[in-house]
Amino acid sequence: MSTVVLTIGPTHTLRQAAALMSARKVGAAVVHDPDAGGIGILTERDILNSVGLGQDPDTERAHAHTTNNVVFAAPAWTLEEAAAAMAHGGFRHLIVLDGGEPAGIVSVRDIIRCWAPARQRVPA
């Protein structure tokens with residue numbers, strides 16, 4: 001799990017979100033929007049889809065591209081539980097909540113990094 005949790009507001013433009021994500025080297029930002037139910041997520045794919053549709057990243061706002069029906073993980077989840085939730089839901093980033101607050105994000109890359117060394121030792 002990455003404990004670097006980038007949190008942005010719903011009125012950030014997609015360009016601002018992309019710049020912040022790039023500077024922090026993360027592929028997703030937690031969007032805190034009390035008017036839309038609290039915590040959502042904006043991913044690099046959401047930004048890419050918007051740009052691919054010809055939308056202007058300087059005027060498009062995060063709230064319009066945020067996923068609000070988010071699956072959250074608990075800090076006690078195993079990698080297997082996180083991977084299963086991600087595979088079942090078809091997403092690549094999983095917000096970990098601790099006491100209702102974002103404590104980290106698990107990405108597919110995090111899971112691969114943990115599993116790859118163990119898998120390399122297994123004979124083919």
Side-chain angles (χ1 to χ4, degrees):
M1 169 179 87
S2 172
T3 56
V4 176
V5 180
L6 172 61
T7 302
I8 63 171
T11 60
H12 276 81
T13 66
L14 293 187
R15 184 174 309 279
Q16 290 169 325
L20 291 167
M21 290 163 64
S22 178
R24 300 237 179 117
K25 297 180 176 31
V26 296
V30 171
V31 180
H32 182 65
D33 187 354
D35 295 333
I39 297 172
I41 190 166
L42 178 74
T43 68
E44 56 202 355
R45 182 168 291 178
D46 297 325
I47 296 169
L48 180 67
N49 287 340
S50 174
V51 171
L53 290 171
Q55 296 174 336
D56 184 353
D58 290 314
T59 59
E60 288 296 312
R61 302 293 173 174
H63 68 83
H65 302 277
T66 298
T67 300
N68 291 313
N69 58 339
V70 179
V71 174
F72 298 105
W77 278 25
T78 65
L79 283 178
E80 288 79 10
E81 289 172 307
M86 294 164 93
H88 179 73
F91 49 85
R92 299 179 301 155
H93 298 89
L94 182 63
I95 300 171
V96 178
L97 289 185
D98 190 3
E101 294 296 320
I105 295 182
V106 177
S107 70
V108 170
R109 183 175 291 150
D110 294 328
I111 292 171
I112 291 170
R113 284 182 186 144
C114 290
W115 283 353
R119 303 269 193 243
Q120 290 174 357
R121 288 177 278 189
V122 176

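Note that these values count all heavy atoms, side chains included, but never hydrogens, waters or copies made by symmetry.
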Under the salt bridge (charged side-chain N to carboxylate O under 4.0 Å, His left out) test, residues paired with Arg45 that sit two or more places apart: none
How long is the gap from [atom1] on [X] to [atom2] on [Y], to the nearest 0.5 Å?
{"X": "Asp110", "Y": "Arg92", "atom1": "CG", "atom2": "CZ", "value": "12.5 Å"}
{"X": "Leu20", "Y": "Leu42", "atom1": "CG", "atom2": "CG", "value": "10.5 Å"}
{"X": "Leu79", "Y": "Met1", "atom1": "CG", "atom2": "CE", "value": "11.0 Å"}
{"X": "Gln16", "Y": "Glu60", "atom1": "CD", "atom2": "CD", "value": "13.0 Å"}
{"X": "His12", "Y": "His65", "atom1": "NE2", "atom2": "NE2", "value": "14.5 Å"}
{"X": "Glu81", "Y": "Leu94", "atom1": "CD", "atom2": "CG", "value": "10.5 Å"}

Report whether [X] and [Y] are members of the same hydrophobic cluster (ILVMFWY, side-chain heavy atoms less than 4.5 Å apart, transitive linking).
{"X": "Val96", "Y": "Ile112", "answer": "yes"}
{"X": "Val106", "Y": "Val30", "answer": "no"}
{"X": "Phe72", "Y": "Val31", "answer": "no"}
{"X": "Ile8", "Y": "Val5", "answer": "no"}
{"X": "Ile95", "Y": "Trp77", "answer": "no"}

Intermediate values then yes/no, side chain to side chain contact (heavy atoms under 4.5 Å, CB included), Met21 and Ile47: CA-CA 11 Å; Met21 290 163 64; Ile47 296 169; 3.8 Å; yes
Closest non-hydrogen atom pair, [X] against [Y]:
{"X": "Ala85", "Y": "Phe91", "value": "O-CZ, 3.5 Å"}
{"X": "Pro10", "Y": "Asp33", "value": "CB-OD2, 3.4 Å"}
{"X": "Ile41", "Y": "Ala28", "value": "CD1-CB, 3.8 Å"}
{"X": "Leu14", "Y": "Ser50", "value": "CD1-OG, 3.3 Å"}
{"X": "Ala62", "Y": "Gly9", "value": "CB-O, 3.8 Å"}

Min side-chain heavy-atom separation His63-Asp35 under 4.5 Å: no
His88 side chain reached by Val71 side chain, heavy atoms, under 4.5 Å: no
Check against side chain to side chain contact (heavy atoms under 4.5 Å, CB included), Ile39 and Val70: CA-CA 8 Å; Ile39 297 172; Val70 179; 5.9 Å; no
Stepwise side chain to side chain contact (heavy atoms under 4.5 Å, CB included) check, Asp46 with Thr43: CA-CA 5 Å; Asp46 297 325; Thr43 68; 3.2 Å; yes
For Arg15, the option from Thr59, Asp56, Asp58 that meets side chain to side chain donor-acceptor pair (under 3.5 Å): Asp58
